[in-house]
Number of protein chains: 2
Amino acid sequence: MSEIPHVVVSRLPIYLRALENIAAEGLTCISSQELSERLGISAAQIRKDLSMFGEYGKQGRGYPVAALTEALRRHLHVDRMWDVVLVGVGDLGHALARYKGFPDHGFRIAMAFDKDPEKIGTRVGEIEVEDVRYMARRVQENGILVGMIATPANAAQEAANTLVFAGVRALLNYAPIHLTVPDDVRVEYLDPVIPLQRMTYYL
Amino acid sequence: MSEIPHVVVSRLPIYLRALENIAAEGLTCISSQELSERLGISAAQIRKDLSMFGEYGKQGRGYPVAALTEALRRHLHVDRMWDVVLVGVGDLGHALARYKGFPDHGFRIAMAFDKDPEKIGTRVGEIEVEDVRYMARRVQENGILVGMIATPANAAQEAANTLVFAGVRALLNYAPIHLTVPDDVRVEYLDPVIPLQRMTYYL
DNA sequence: TAGATTGTTAATCGATTAACAATC
DNA sequence: TAGATTGTTAATCGATTAACAATC
């Protein structure tokens, strides 16, 4: 079953995004060599990764864009729409709630919570900001499995605890802090300072 | 010289962030074991990584927080302030320009550009949005080496080209597209859809 | 058919872990 | 001193690459 290494899984969304762009250009078939040049990932790597999920390629031609796109969406479980809960509606949370890139890629911000009375009740994007005190119940009742944390650092771990308690199993964390969560909960980090510092090392 | 593997470099900002939090808690010394529990990185890994930069630890006690923090800042070149150019002042660019986490960690948004006449001339954070047509010259004149791209996907590659032409050598890209740049330019990606899809694979 | 490109194997390369002497 | 923890070595583990028979 899940004998597919995480490094491979972590590249699948990148392949998917590239294939969507390639389809938008009107191409119906793409070779691993061509993909390699577009992504900076070796052609051998791409073929090996994709072969773990089935034989989608055709010798002499390459990979059919539409069929491979569909297959990747299926394997990544984004051939459906995931409801997402957002915690923290500051500048960043606001931007996330209005971000146009989610709906077409499997995600919908379904609820947003904040603790600031000034924000509670206001609208952002398609939804109304709710009181974080009711978050656990609301998340649980709606069976939401994906959360985004856009609170200040000092509120992030508590937000994570509440979300995990409420059943969330995947967390996207923008706060500049490592989150401690149970083993069956996934966390991905998007603190912008980290990648910036990774680059200044080389400057 | 640069015989330090990139995987190691990529963990340094994470150690630095943790040490800053640990210092804020008032601790002056921390063992690799304790750090391991906080970060989910093995103690052996942490010791091996840190030993590549010098012998900061004391047997029996652990690592002195202040000295190690300072050393990491130095190695990452964030013991100075980097001026950053921001391209694209939509919701996300707006949030980035006002983000409080940059100044204390080595970065200052020094300029912001957009092509929308409605936005040009408005203020965001500490700065005024400028016309993207003058970006190359302004960036070059100020010797800016770090850029952040928060434009729509279809404008991102052109923004990158302009920035690279103007001398930028490190790019943080929020647009959902792979950027093609010369070998001596670093790019890090922060498209939020990618990490979300990495997690839904396991749901 | 000839040319191109896949899927896969074996070889290489690199990263992580376990273990322990050195030492604070 | 006794206990704890480092820095480092050797062993393990895993990921990437090169190469090519199979085949569209």
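What you see below is based on every heavy atom in this structure, not just the backbone, and it leaves out hydrogens, waters and symmetry mates. Within every chain, numbering begins at 1; the chains are lettered A, B, ... in the order of the sequence lines, protein sequences first and strands thereafter.
As a whole-Å value, the separation of L68(B) CG from dT5(D) C1' is 15 Å. The distance from atom NE2 of H6(B) to atom P of dG14(C) is 15 Å, rounded to the nearest whole Å. Rounded to an integer number of Å, the gap from CD1 of I30(B) to C1' of dT6(D) is 15 Å.
Smallest separation of non-hydrogen atoms from S10(A) and V7(A): OG-O, 2.8 Å.
Among the nucleotides dA15(C), dT6(D), dA19(D), the one closest to any side-chain atom of Y63(B) is dT6(D). The listed nucleotides are dA15(D), dT6(C), dT8(D); the one nearest the side chain of P5(A) is dA15(D). In the set dT17(C), dT16(C), dC24(C), the nucleotide with an atom closest to the side chain of R11(B) is dT16(C). Nearest to the side-chain atoms of K48(A) among the listed nucleotides dT6(D), dT16(D), dT16(C) stands dT16(D).
The residue R61(B) sits close only to the backbone: its heavy atoms come under 4.0 Å of sugar-phosphate atoms, none of a base. Residue contacts for F53(B): at a heavy-atom cut-off of 4.0 Å it reaches no nucleic acid atom on any strand shown.
With a cut-off of 3.5 Å on both pairing distances, the Watson-Crick or G-U wobble partner of dG14(D) is dC13(C). Summarising the base pairing, dT6(C) is matched to dA21(D) through a Watson-Crick or G-U wobble pair whose two defining distances lie under 3.5 Å.
For the residue pair E25(B) / N21(B), no side-chain donor-acceptor distance below 3.5 Å is found, with atom types taken as modelled.
The stretch residues 60-74 of chain B participates, sequence neighbours left out, in these side chain to side chain donor-acceptor pair (under 3.5 Å) pairs: E20(B)-R73(B).
Position along DNA chain C of the nearest nucleotide to M52(A) versus G60(A) favours G60(A) as the more 5'-ward residue. Where Q59(B) and Q45(A) each meet DNA chain D at their nearest nucleotide, the meeting point lying more 5' is that of Q59(B).
For H105(A) and Y99(A), the distance between ring centers is not under 6.0 angstrom.
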